[in-house]
Asker: 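Quick one: the structure is below, and I'll ask about it shortly.
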There are 2 protein chains.
Amino acid sequence: MKNVSDKVMMVKQGITNLCYGFFSTLANPTRLAIIETLSERPMSVTEIVESIGQEQSMVSHNLRPLVQCNFVQVRREGKHRIYTLNQETIEPLLETVQNHFEKYCGNGVNCPHRDWSETSSME
Amino acid sequence: MKNVSDKVMMVKQGITNLCYGFFSTLANPTRLAIIETLSERPMSVTEIVESIGQEQSMVSHNLRPLVQCNFVQVRREGKHRIYTLNQETIEPLLETVQNHFEKYCGNGVNCPHRDWSETSSME
DNA sequence: TCTTCATATGAAGAATGTTTCATTCAAATA
DNA sequence: TATTTGAATGAAACATTCTTCATATGAAGA
């Protein structure tokens, strides 16, 4: 890195590209389900498979981008690979989402992906 | 809404679907560029078009999900439509992304979408 | 009302992303 | 080392999302 102003420029200019990778990785139901189940506790692939009810191959495929983005970490443990959630990033992220949800989408009226809004119209 | 435990269940179960809409809307370079430029000041469509250098039609198409998700708001002003960023959600969100970036992706090594990592390997 | 400027919309082709199936790899244990 | 178990990988079929082009809408001014 040449100097500070280069770094500033990089960060400024890079926000769009940076965020694109970040959010693309999160914009997938299987990966979100993995995140959700790992928020309970670290798990092996087999445990994740059982927990979210998807094929092993699919879970593996979706774990890769999560690891590459450092949303989860892996360690080997005998025959198993244990996946752990990066709470430090995920927690504040989900808190922001939930705040937004409660404030702006409370009754599910104006959201583009409507699946979840049906869940919330149970009053 | 029936009671508190129903609400808890809804929030708990709904996180995956909720986040999916949220993150899908953000997982797009054009929409991120719109967000980035609107972080400067509110703008009309024409101004956004000039600022990010994309076709008017494309900007319009991409503004819709941003509005529906309440990431931006619109008001009419004479002939124009002025789009304003919802700072309340976007600011903490980008802060989390940037923290993550600095901590885990500082040298761009392990990220799945590599476009931006080239920008950062300029040392 | 006719025209113009600003923006939105629809639809089709192009580009990306996801899912599945078959196969491979790697560690443990017999 | 052969076998078994746990997990990753590759490729093709399938699905979703983007981009573009043409057209429509709607407000303001002539």
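We use all heavy atoms of the structure for the numbers below, so side chains are in, but hydrogens, waters and symmetry mates are not. Per chain, numbering begins at 1; letters A, B, ... match sequence-line order. Bear in mind that the values here come from a model prediction, so they are computed numbers and not experimental data.
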Asker: All N/O contacts under 3.5 Å from nucleotides 5-9 of chain D to the protein, with atom names and distances to one decimal?
Answerer:
{"residue": "D/dA7", "atom": "OP1", "partner": "A/Val45", "partner atom": "N", "Å": "3.4"}
{"residue": "D/dA7", "atom": "OP1", "partner": "A/Arg81", "partner atom": "N", "Å": "3.2"}
{"residue": "D/dA7", "atom": "OP2", "partner": "A/Thr46", "partner atom": "N", "Å": "2.8"}
{"residue": "D/dA7", "atom": "OP2", "partner": "A/Thr46", "partner atom": "OG1", "Å": "2.1"}
{"residue": "D/dA8", "atom": "OP1", "partner": "A/Tyr83", "partner atom": "OH", "Å": "2.3"}
{"residue": "D/dA8", "atom": "OP2", "partner": "A/Ser60", "partner atom": "OG", "Å": "2.5"}
{"residue": "D/dA8", "atom": "N7", "partner": "A/Gln56", "partner atom": "NE2", "Å": "2.8"}
{"residue": "D/dA8", "atom": "N6", "partner": "A/Gln56", "partner atom": "OE1", "Å": "3.4"}
{"residue": "D/dT9", "atom": "O4", "partner": "A/Ser57", "partner atom": "OG", "Å": "3.1"}

Asker: Using heavy atoms to find the nearest nucleotide of DNA chain C for A/Glu77 and A/Arg31 separately, return the residue whose nucleotide is more 5′.
Answerer: A/Arg31

Asker: Just to verify, what does B/Arg41 make a salt bridge (charged side-chain N to carboxylate O under 4.0 Å, His left out) with, not counting sequence neighbours?
Answerer: B/Glu47

Asker: Under the rule for side-chain contact (heavy atoms from CB on, under 4.5 Å), what residues qualify as partners of B/Thr46, not counting sequence neighbours?
Answerer: B/Ser44, B/Glu50

Asker: Taking only residues two or more places apart in sequence, or in another chain, which ones meet A/Arg75 in a salt bridge (charged side-chain N to carboxylate O under 4.0 Å, His left out)?
Answerer: A/Glu77

Asker: Report the distance from atom CG of B/Asn62 to atom C1' of D/dT17, rounded to the nearest whole Å.
Answerer: 10 Å

Asker: In this structure, how many angstroms lie between the C1' atom of C/dA8 and the CD atom of B/Gln54, rounded?
Answerer: 17 Å

Asker: Roughly, in whole Å, what's the span from CD in B/Glu55 to P in C/dA6?
Answerer: 16 Å

Asker: Is the phosphate of C/dT18 approached by A/Asn28 (side-chain N or O, under 4.0 Å from OP1 or OP2)?
Answerer: yes

Asker: Mind checking who C/dA26 pairs with, Watson-Crick or G-U wobble, both distances under 3.5 Å?
Answerer: D/dT5

Asker: For residues 88-95 of chain B, which side-chain donor-acceptor pairs fall under 3.5 Å, sequence neighbours excluded?
Answerer:
{"residue": "B/Glu88", "atom": "OE1", "partner": "A/Lys103", "partner atom": "NZ", "Å": "3.0"}
{"residue": "B/Glu88", "atom": "OE1", "partner": "A/Tyr104", "partner atom": "OH", "Å": "3.0"}
{"residue": "B/Glu88", "atom": "OE2", "partner": "A/Lys103", "partner atom": "NZ", "Å": "3.2"}
{"residue": "B/Thr89", "atom": "OG1", "partner": "A/His100", "partner atom": "ND1", "Å": "2.6"}
{"residue": "B/Thr89", "atom": "OG1", "partner": "B/Asn86", "partner atom": "ND2", "Å": "3.4"}

Asker: Got more than 12 heavy atoms from elsewhere within 6.0 Å of CD, A/Glu55?
Answerer: no

Asker: In chain order, what residues pass the side-chain contact (heavy atoms from CB on, under 4.5 Å) check against B/Pro29, with sequence neighbours excluded?
Answerer: A/Tyr20

Asker: Nearest-Å distance, CD1 (B/Ile34) to C1' (D/dC18)?
Answerer: 13 Å

